[in-house]
Amino acid sequence: MLSQRTIETVVGCFLLIAIAAFIILAFKVSGLTSFFKADGYSITADFDDIGQLKIRAPVKMGGVSIGEVSQIILDPKTYRAEVTLRINAVDANIPDDSSASILTAGLLGDNYIAITPMYSQTYLKQGSQITETHSAMILEKLIGQFLFKIGNMGNEQSNQSNQSNEEAKPQ
Amino acid sequence: MIDAVTNLGRYFIEVLRQYGKAGILLFRVILTAPNFRKGFPLLIQQIYAEGVLSFIIIVMSGLFIGMVVALQGYHTLVKFGASAELGPLVALSVVRELGPVVTAILFAGRAGSALTAEIGLMKATEQLSSMEMMAVDPLKRIISPRLWAGFISMPLLTLIFDTVAIYGAYLVGVKWLGLDAGAFWSNMQSSVDFNADILNGIYKSIVFGLVVAWIALHQGYDAEPTSAGIALATTRTVVYSSLAVLGLDFVLTAMMIGGW
């Protein structure tokens, strides 16, 4: 039988190893940074349709990830989706006339928000709103429009050929 | 005919009595006021017996499970050209499911069976009744530290298992199969969430630790005080706690899945 002191020492080592494992899981595996890094700021943007956008989707400017979506709520008056963006990179100054659009990474990828910077010299601050927004492209709607266009094109062509036939006859 | 019905009824009442006894045991352990000065050294000894002595088997199985999941996952993912997603695959399956469940089943085999055998033998050699004769409550002295030790050790072992398994996958994926280390870790970080994945895995392991220790202690405390009875009780501990862990895992996952 080991002495009580030895047992306590071994249990202490066990606890330390478990705590080290927890820290590795938290920071290396899940990339938890929000406990310490409180710097950064939040801005909002209203969209007509956010498509498949989810919380924690990345916010990118020029393809570089500068933050993430932290909250999505429906505005009860305007029926638009109010998306809160958490910008982590402090040195990412966003001009206040920039536009936000919801894009899709690849053909089947997840949605993300792309911010296109403009030329204003004043920058967005904590709580400001991006007014210029472009909604998500919904694939079903696009296909619907495309089919509608194709249908119309066929009609126009047949109309034109009828007209040209009619024009041709009198001569 | 009537005899068969009577036997069925007797069996059912016996089953209910077992559940009742187990419930009373758990409530008496949880509701008795702990005596920290006397209880703490006992608790440390039991954490040593249940947690530290299970450390090696947990580390070894964690390493090999992480390695084999990485190997299997890589050969499937590479067909879709998605081998960079190996990190998220391994991390999510280990942290959410394999970590808590495999640790709990190993814990039931390594520590739970030992608990049952120990307490069953204490009962068979009448150590428990002699404690009562000396006005020492065996629940406080024997059962309670073992239950709390299981409750504390299981999440710690699960954390170690998760970490070792992910590093095992790193070993196979990055060092052997030649994936990019940066993509491995950054894809993992972007898809593993601290609250939804890691904390939920820890909650699962806490529940499993309590359940395994509870089943083991009840089987030992209730064992028939003969060598055959102890053998039967030890077998039952492993079978019941493995089944309880797998069943509870489904229930807990179904409750947690809203966050994913």
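These numbers come from a predicted model, not from an experiment. Each chain gets a letter, A, B and so on, in the order its sequence line appears, and its residues count up from 1.
Against chain B, no residue from residues 120-129 of chain A qualifies, as none has a non-hydrogen atom under 4.5 angstrom away. Contacts from residues 47-55 of chain B to chain A, taken as heavy-atom pairs separated by less than 4.5 Å, involve B/Ile47, B/Tyr48, B/Gly51, B/Val52, B/Phe55 in sequence order.
Every residue meeting the ring pair (Phe, Tyr, Trp, His ring centres under 6.0 Å) condition with B/Phe151, not counting sequence neighbours, appears here in chain and number order: B/Trp148.
With respect to chain A, the highest number of heavy-atom pairs below 4.5 Å among B/Leu157, B/Leu156, B/Val95 belongs to B/Leu156. Comparing A/Leu15, A/Ile19, A/Val11, A/Ile17 by how many heavy-atom pairs each has under 4.5 Å with chain B, the most go to A/Val11.
A salt bridge is absent between A/Arg80 and A/Asp75: the closest approach of a Lys/Arg side-chain nitrogen to an acidic carboxylate oxygen does not fall below 4.0 angstrom.
Looking at A/Ser3 and A/Thr6, their side chains do bring a donor and an acceptor atom within 3.5 Å of each other. Counted by atom type alone, B/Thr253 and B/Glu97 present one or more donor-acceptor pairs between their side chains at under 3.5 Å.
Interface remark: B/Ile202 contributes side-chain atoms only to the contact with chain A (heavy atom separation under 4.5 Å). For A/Ile24, the part sitting under 4.5 Å from any heavy atom of chain B is the side chain, from C-beta outward, and nothing else. For chain A, the nearby part of B/Ser190 is the backbone; its heavy atoms alone come within less than 4.5 Å. Using a 4.5 Å cut-off between heavy atoms, A/Glu8 touches chain B through backbone and side chain atoms alike.
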Show me the donor-acceptor pairs, under 3.5 Å and distance only, between side chains in residues 160-179 of chain B and residues at least two apart or in other chains.
| unit_1 | atom_1 | unit_2 | atom_2 | d |
| --- | --- | --- | --- | --- |
| B/Thr163 | OG1 | A/Ala21 | O | 3.3 |
| B/Thr163 | OG1 | B/Leu159 | O | 2.8 |

